[in-house]
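Report on the following structure.
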Amino acid sequence: LTWEIRTLQYDEYNRPKVQIGGCDSTDGTAVAYVGSLLAIDGIAILITLWQAYLARHITTDLSESKYIGIAVVAIFEASFIGVPVIYIVNEQPNAVLFLSSAIIFVGVMAILGCLFGPKYRAYWK
């Protein structure tokens, strides 16, 4: 991995005004790293969905399999829409930062809302 800095704008005295930096992999190690992370995350999601499927008929107040499924679908939808858009606007760092933050926000709020929302609703009844 190498760190590269690109200058996007210069001021009137030819000094760098706007710069962006990022890691670049020339030997393919980043592909293996990202691939292994995606594989581990994918396996974790599949295990989560399988366990939620097995627990779907549990009749207790704490049965959360439906809400776990809703949260996983919301995370998948946000990623399915957001990741290609991040790839499209890869040259604009502000857009990449905003979209990455929005995907993380949607994922976290889906988990927290789906798991704790029904508990708060039941508590305040």
Side-chain angles (χ1 to χ4, degrees):
L1 293 174
T2 59
W3 179 261
E4 294 181 2
I5 296 177
R6 291 185 299 164
T7 303
L8 299 179
Q9 289 181 352
Y10 293 93
D11 64 1
E12 61 271 4
Y13 302 109
N14 204 24
R15 295 179 296 193
K17 186 175 179 181
V18 177
Q19 292 180 326
I20 60 171
C23 287
D24 187 28
S25 173
T26 56
D27 58 354
T29 55
V31 174
Y33 179 71
V34 172
S36 64
L37 282 177
L38 289 176
I40 290 170
D41 288 345
I43 290 169
I45 288 174
L46 290 175
I47 291 171
T48 301
L49 289 174
W50 176 252
Q51 289 297 318
Y53 177 76
L54 292 177
R56 70 189 184 280
H57 295 300
I58 295 175
T59 56
T60 65
D61 291 338
L62 301 175
S63 176
E64 299 174 342
S65 62
K66 177 174 112 175
Y67 301 112
I68 291 172
I70 292 170
V72 169
V73 168
I75 293 168
F76 177 74
E77 286 178 355
S79 300
F80 186 74
I81 293 170
V83 171
V85 175
I86 288 175
Y87 182 75
I88 291 170
V89 298
N90 195 23
E91 296 296 320
Q92 300 173 359
N94 290 338
V96 171
L97 176 66
F98 175 76
L99 288 170
S100 300
S101 301
I103 291 171
I104 292 169
F105 178 79
V106 167
V108 169
M109 291 309 293
I111 292 170
L112 292 176
C114 288
L115 293 183
F116 293 113
K119 291 174 181 55
Y120 284 127
R121 186 178 40 200
Y123 179 75
W124 291 107
K125 274 188 177 180

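Hydrogens, waters and symmetry mates are skipped; everything else that's a heavy atom, side chains included, is used. Along the sequence shown, residues carry numbers from 1.
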Which heavy atom in Gln19 sits nearest to a heavy atom in Thr7, and how many Å separate them? NE2-OG1, 3.3 Å
Kindly write out the residues that satisfy side-chain contact (heavy atoms from CB on, under 4.5 Å) with Glu4, not counting sequence neighbours, or none if the list is empty. Thr2, Asp24
Tell me whether Ile88 shares a hydrophobic cluster with Ile86, the cluster being built from Ile, Leu, Val, Met, Phe, Trp, Tyr side chains joined at under 4.5 Å. yes
Side-chain heavy atoms under 4.5 angstrom apart, residues restricted to Ile, Leu, Val, Met, Phe, Trp, Tyr: same cluster for Trp124 and Leu112? yes
How would you list, by chain and number, every residue that makes a side-chain contact (heavy atoms from CB on, under 4.5 Å) with Ala52, sequence neighbours excluded? Ser65, Ile68
Looking only at non-hydrogen atoms, find the nearest pair between Glu91 and Pro93 and report the distance. O-CD, 3.4 Å
Which ILVMFWY residues can you reach from Val73 by hopping between side chains whose heavy atoms are under 4.5 Å apart? none
Which pair of non-hydrogen atoms, one from Ala71 and one from Ala110, has the smallest distance, and what is that distance? CB-O, 3.7 Å
Starting from Trp3, walk the hydrophobic network (Ile, Leu, Val, Met, Phe, Trp, Tyr; side-chain heavy atoms closer than 4.5 Å) and list everyone else you reach, by chain and number. Ile5
Output all residues satisfying side-chain contact (heavy atoms from CB on, under 4.5 Å) with Leu97, sequence neighbours left out; order by chain, then residue number. Ser101
In this structure, would Val72 and Ile111 fall into the same cluster of hydrophobic residues linked by side-chain contacts under 4.5 Å? yes
Which ring pair (Phe, Tyr, Trp, His ring centres under 6.0 Å) pairs, counting each pair once, include a residue from residues 78-122, with sequence neighbours left out? Phe76-Phe80
Taken in chain and number order and not counting sequence neighbours, the residues that satisfy salt bridge (charged side-chain N to carboxylate O under 4.0 Å, His left out) with Asp41 are none
Considering residues at least two apart in sequence or located in another chain, which fulfil the side-chain contact (heavy atoms from CB on, under 4.5 Å) criterion with Val89? Gln92, Ala95, Val96, Leu99
May I have all residue pairs that pass ring pair (Phe, Tyr, Trp, His ring centres under 6.0 Å) and include part of residues 6-35, sequence neighbours excluded? none
Tell me who clusters with Tyr53, hydrophobic residues only, linked when side chains sit under 4.5 Å apart either directly or through other members. Trp50, Leu54
For the atom pair CD1 (Ile75) and CD1 (Ile45), what is the distance rounded to the nearest 0.5 Å? 7.0 Å
When Ile, Leu, Val, Met, Phe, Trp and Tyr are grouped by side-chain heavy atoms lying under 4.5 Å apart, directly or through other members, which residues fall in the same group as Leu8? Val18, Ile20
Can you name the salt bridge (charged side-chain N to carboxylate O under 4.0 Å, His left out) partners of Arg121, sequence neighbours left out? none
Correct closest heavy-atom pair for Pro118 and Gly113 would be CD-O, 3.7 Å
